[in-house]
Amino acid sequence: MENREEILSVKSLREQVYEYIRKQLDGGQIRPGAPLNLNEMSERLGISKTPLREALIQLEVEGFVTFYPRKGILVNALTETDIRHAYEIIGALESSVILWNFHRFDEEVIAELEQKNTLMQEALRRDDFEVFYEHNLSFHNAFLSFSDNVSLKKIVMNYKARLYDFPRRKGFVKEWEVRSTGEHKRFIELIKMNDARGAAEYFRDVHWSFEVQKPFIDHYYIEMKNADMMPPHSPWEEEKS
């Protein structure tokens with residue numbers, strides 16, 4: 001059909017469909033709370049339902065959608081409880097990587113962290129959130145890469161995607177991001193002091209503390225809080241059997 005959207009590549013069809021839907025979620029074309037129609041999507045993409053269903057099952061495992069038996073598929077809204085749980089999990093996992101691999105924070109790694117934090121500060125001065133966001137991920141990945149635990153790193157990235165790419169906001173809370181670079185600086189200072197436990201606990205109990213960051217979280221998600229961040233609700237719940 002002429003209106004079908006082509007998504008051809010060398011990747012498996014399931015991978016192509018997964019990445020396509022994630023881009024739709026990240027870009028806001030598919031909104032939290034929206035039902036997904038398998039028939040409509042397979043027709044529009046010009047594919048069978050099998051790879052589409054497989055991609056959506058992966059998204060359900062990652063927390064992006066929910067399958068309702070005999071009803072359909074719903075895009076999950078992000079709730080305050082979801083955010084709190086994500087912060088607890090990310091903080092616990094990143095701090096464990098820091099503690100277990102502290103011996104790998106040599107001068108070269110410290111210099112890399114300082115450079116990435118400087119690049120984040122420069123992006124803030126330009127009000128360039130996209131560049132800030134990428135350097136922020138890179139800062140954290142600089143030590144997450146120490147771990148050979150693929151599952152741990154996948155969990156962290158999935159939760160970060162749920163927090164920041166659902167959909168990706170165009171703006172940011174500058175005061176929060178300035179504070180974040182300050183926390184990065186303090187983290188680096190603790191590394192230089194050879195304080196492994198202090199560095200790990202600071203990341204867990206300050207940088208990824210939901211209670212510490214809550215004023216900024218409330219500000220960042222205010223639009224979603226008014227619209228999308230409602231208690232999970234299925235459009236089919238009110239149907240009478």
Any donor-acceptor pair under 3.5 Å from [X] side chain to [Y] backbone:
X: N37; Y: E40; value: yes
X: E94; Y: F203; value: no
X: K49; Y: S42; value: no
X: S138; Y: E134; value: no
X: D106; Y: V109; value: yes
X: N136; Y: F132; value: no

task: Output yes when K23 and E19 qualify as a salt bridge under the 4.0 Å nitrogen-oxygen rule, no when they do not.
output: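 Looking at E19 together with K23, the answer is no, because their closest N to O distance does not fall below 4.0 Å.
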task: State the CD-OG distance between E201 and S209, to the nearest 0.5 angstrom.
output: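 Those atoms lie 13.0 Å apart.
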Examine the side chains of [X] and [Y] and answer whether a donor and an acceptor come within less than 3.5 Å of each other.
X: T79; Y: D82; value: yes
X: Y18; Y: E62; value: yes
X: N76; Y: T66; value: yes

Looking at side-chain heavy atoms only, is the closest gap between [X] and [Y] below 4.5 Å?
X: I191; Y: F102; answer: yes
X: R186; Y: V206; answer: no
X: F210; Y: E88; answer: no
X: Y221; Y: E80; answer: no
X: W176; Y: H219; answer: no
X: I110; Y: E107; answer: no
X: N149; Y: L93; answer: no
X: D205; Y: V212; answer: no

query: Which is it for L25 and R22 under the side-chain contact (heavy atoms from CB on, under 4.5 Å) test, yes or no, and what are the steps along the way?
result: CA-CA 5 Å; L25 291 168; R22 275 296 306 271; 4.3 Å; yes
Return the minimal non-hydrogen interatomic distance between [X] and [Y], and the atom names on each side.
X: A55; Y: V17; answer: CB-CG1, 3.7 Å
X: S96; Y: L152; answer: OG-CD1, 4.1 Å
X: L113; Y: A142; answer: CD2-CB, 3.8 Å
X: L74; Y: G33; answer: CD1-O, 3.3 Å
X: S95; Y: A200; answer: CB-O, 3.2 Å
X: G198; Y: L190; answer: O-CD1, 3.6 Å

message: Between I73 and L59, is the side-chain contact (heavy atoms from CB on, under 4.5 Å) condition met? List the steps.
response: CA-CA 11 Å; I73 305 161; L59 288 165; over 6 Å; no
- prompt: How far apart are the C-alpha atoms of K174 and E177, what are their side-chain angles, what is the distance that settles it, and do they pass the salt bridge (Lys or Arg N to Asp or Glu O under 4.0 Å) test?
  reply: CA-CA 5 Å; K174 194 164 187 176; E177 312 307 356; over 6 Å; no
Side-chain heavy atoms under 4.5 angstrom apart, residues restricted to Ile, Leu, Val, Met, Phe, Trp, Tyr: same cluster for [X] and [Y]?
X: Y164; Y: V131; answer: no
X: F143; Y: L119; answer: no
X: Y202; Y: M193; answer: yes

- request: Measure the acute angle between the ring planes of F139 and H184, then classify it against the limits of 30° and 60° as parallel, tilted or perpendicular.
  value: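 F139 vs H184 ring planes: parallel.
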message: Under the criterion side-chain contact (heavy atoms from CB on, under 4.5 Å), I'd like the reasoning laid out for K185 against T181: C-alpha separation, chi angles, the key distance, then a yes or no.
response: CA-CA 6 Å; K185 182 179 179 181; T181 59; over 6 Å; no
field: ring pair (Phe, Tyr, Trp, His ring centres under 6.0 Å) partners of F146, counting only residues at least two apart
entry: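 With sequence neighbours excluded, F146 shows a ring pair (Phe, Tyr, Trp, His ring centres under 6.0 Å) to F105, given in chain and number order.
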Evaluate whether atom [atom1] of [X] has more than 12 neighbouring non-hydrogen atoms of other residues, nucleotides or ligands under 6.0 angstrom away.
X: F187; atom1: CZ; answer: yes
X: R84; atom1: CZ; answer: yes
X: E175; atom1: CD; answer: no

message: Aromatic contact between H207 and H140, with the criterion being ring centroids under 6.0 Å apart: yes or no?
response: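 Yes.
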- prompt: Given the rule in the salt bridge (Lys or Arg N to Asp or Glu O under 4.0 Å) test, do K116 and E112 qualify, once you have shown the distances and angles that lead to the verdict?
  reply: CA-CA 6 Å; K116 293 180 187 302; E112 180 184 2; 3.6 Å; yes
message: Run the side-chain contact (heavy atoms from CB on, under 4.5 Å) test on I217 and Y87 for me, step by step, so that the C-alpha distance in whole Å, both residues' side-chain angles and the decisive distance to 0.1 Å come before the verdict.
response: CA-CA 11 Å; I217 291 170; Y87 268 63; 3.8 Å; yes
